[in-house]
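Shown next, in structure tokens, is the structure this report addresses.
What's counted below: heavy atoms across the whole structure, side chains too, no hydrogens, waters or symmetry copies.
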Amino acid sequence: MGKNETYWNGLEQYQAEPVFAKGQKDEFTEDLPIVEGFSEESLGVKSNRRDFLKLFGFGLTAAALTACVEKPVRKAVPYVVKPENVTPGVASWYATTCQGCAANCGLLVKSREGRPIKVEGNDMHGMSRGGTCAVGQASVLNLYDSERLKAPRGPEGKMSWNGAIDEIGSKLNGLKSSGGKVVVVSNTLTSPTSKNVIKGFLGQFPNAKHVAYDSNSSYALAKVHSSSEALVVPTFRFDKADVIVSIDADFLGNWISPVQYTKDYISGRKVDQDNPKMSKHIHMESRMSLTGSNADLRVPMKPSQLYGAVSSLYKKLTGGAGVDFDAAGNVVDRAARELKKAGSGKSLVVCGINDVAIQAVVKAINEHLGNYGSSIDMDAPSYQAQGNDMDMMDFVKNVASAKAVIFLDEANPVFDYMAGSKLAEGLAKVGLTVAFTPKDNETSTKCKYVLAQTHSMEAWDDANPAKGHYSIQQPLVRPIFGSMQWQDVMLRWSGSSQKYYDYLRSNWETAMYPLQANVRGPRKFWESMVRDGYFMTGSAPAPEAPVVEAPVAEGDSPEEPVAAMTTDVSSSVAKINAAFKKGGAGMELVVYEKHYM
């Protein structure tokens with residue numbers, strides 16, 4: 001450097017102000033009121049040397065007396081006959097199923113001396129493939145939550161389990177002859193054995209119904225893909241798509257089966273010798289999400305503009321009646337070009353908006369692109385979104401006409417359903433209301449009976465999240481807080497003396513055993529399931545989507561797929577066009593789920 005350069009911290013130093021010079025000498029620029037706060041004047045006391053010696057001597061005496069107190073002896077009692085599978089200090093691992101959401105991922109739980117302490121993914125599970133989400137990892141914390149209910153509670157307060165079961169059972173028996181309406185409400189249940197328990201219980205009553213709902217509903221997606229009352233959604237294969245266009249679908253965060261989708265998505269984004277080409281991802285949404293943050297191109301839009309984006313995308317791909325709309329970076333036009341370029345069955349369009357019209361249009365787009373049978377699998381559908389919005393709306397509207405309402409498995413519609421306040425008013429008019437929940441919530445406080453439900457690591461159950469995929473949930477510890485699982489209680493109300501474990505095992509040895517051919521003998525099959533936690537039935541390869549050969553128009557890409565359109569979406573397009581046109585320059589509200597937790 002040719003010359004010396006001088007730097008200043010600010011104008012105060014440059015102007016050499018006295019305040020700055022004083023601050024450089026002191027560690028603190030302001031006087032700390034420590035001395036003043038502990039002075040004799042501020043404390044209102046006077047002390048001398050004699051008082052100091054008195055206090056000092058008293059402190060030493062108190063410390064000496066405390067040290068002389070004999071502490072209770074804690075004895076480490078060894079096993080007289082040590083269990084074969086327990087070694088102090090050595091952890092055991094057990095296969096089970098996560099109940100944090102309806103995705104039902106496979107888990108391996110680490111247990112030390114009978115206490116579950118850590119959760120990992122089960123590599124043998126065909127859907128989650130060793131992955132877990134934040135909710136699954138945190139599930140072990142809920143097991144030891146001190147705020148869990150310790151006993152059943154009735155109108156008069158705390159009850160015994162036998163007293164609560166008999167009292168509620170007596171009231172339910174009265175409804176069998178009177179024909180009173182009985183409603184069981186739950187979130188999506190994928191357990192085939194638990195559904196059998198509910199079916200057997202409701203079969204006792206002439207007027208009974210099971211209502212399934214989801215707080216973050218995918219009813220519209222299931223509705224356009226279901227031909228019967230049983231709601232199913234497709235299995236989306238993100239690993240088979242070269243181009244992914246997602247419209248407000250946070251499939252890496254909390255949409256339907258995020259752990260499974262993440263595994264598939266990563267395999268298409270990771271470049272190696274087997275996969276030299278990385279998939280392209282275009283994302284449109286109304287708020288920042290985990291999926292949007294990982295996209296190659298993310299464009300934020302108002303909710304009404306998302307309707308316009310779907311309509312415009314449909315028009316650009318099929319030539320149908322849509323609106324002319326685009327956003328920053330011509331995202332819709334770019335998405336259309338990339339989808340055409342990908343070729344038949346090599347792309348995937350997903351949408352998380354719970355609107356039947358918009359889901360019908362997205363289905364038509366995927367049909368046109370030839371994605372069904374390739375990146376969209378309907379031969380092995382998912383059962384992870386069975387919530388029925390129509391049934392739930394009818395239940396809330398007519399809840400006062402029910403004679404008994406039972407909420408299962410921590411269902412909390414008073415809090416997480418859009419008409420929760422109306423439901424709370426209606427529940428006050430129902431004669432018998434029961435809530436199975438591990439902790440008090442907004443719905444349980446409106447019920448006359450609250451029954452302490454077990455944690456998933458304290459109970460037996462099973463899961464069938466998708467066609468051909470079955471898993472077992474097993475307890476790792478006895479119920480800590482005196483709870484019971486609702487299946488045991490409902491079996492007693494059904495007049496059965498059988499425990500749910502025996503009911504579950506019998507169902508697996510008779511109904512599930514014939515679905516596989518790898519293990520011979522029902523007993524050995526059950527033992528292998530408890531060990532492995534999962535099995536998958538064999539299924540034929542999904543057929544290719546039908547493609548109609550058509551002449552290539554001048555100016556079109558020769559790779560543009562032209563598939564058979566099986567869905568009439570003219571009315572749906574008109575509806576989403578109208579929804580788009582309603583959106584103006586004003587502010588729009590977005591309500592979203594904050595990643596399960």
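- Listed by chain and residue number, L189, Q453, W486 satisfy the side chain to side chain contact (heavy atoms under 4.5 Å, CB included) test with D409 (two or more places apart in sequence, or in another chain).
- Looking at residues two or more places apart in sequence or on another chain, you find a ring-ring contact (aromatic ring centres under 6.0 Å, His included) between Y265 and F251, H281.
- Under the ring-ring contact (aromatic ring centres under 6.0 Å, His included) criterion, H210 pairs with no residue at all, not counting sequence neighbours.
- Remark: T445 pairs with no residue by the side chain to side chain contact (heavy atoms under 4.5 Å, CB included) rule, at least two apart or across chains.
- F580 meets the ring-ring contact (aromatic ring centres under 6.0 Å, His included) test with F325; sequence neighbours excluded.
- The stretch residues 288-309 participates, sequence neighbours left out, in no ring pair (Phe, Tyr, Trp, His ring centres under 6.0 Å) pair at all.
- Counting only residues at least two apart or on different chains, the salt bridge (Lys or Arg N to Asp or Glu O under 4.0 Å) pairs with a member in residues 294-313 are R269-D296, E285-R298, K302-E588.
- Applying the side-chain hydrogen bond (donor to acceptor under 3.5 Å, both in side chains) rule to K280 yields the partners E338; only residues at least two apart in sequence or on another chain are considered.
- Remark: H125 engages Y534 in a ring-ring contact (aromatic ring centres under 6.0 Å, His included) (not counting sequence neighbours).
- Screening residues 458-471 for salt bridge (Lys or Arg N to Asp or Glu O under 4.0 Å) gives R148-E458 as the qualifying pairs, with residues at least two apart or on separate chains.
- Shown here are the side chain to side chain contact (heavy atoms under 4.5 Å, CB included) partners of D264, two or more places apart in sequence or in another chain: R129, R237, F238, D239, Q260.
- Taking the side chain to side chain contact (heavy atoms under 4.5 Å, CB included) definition, one finds that V530 meets it with W460, Q474, W526, sequence neighbours left out.
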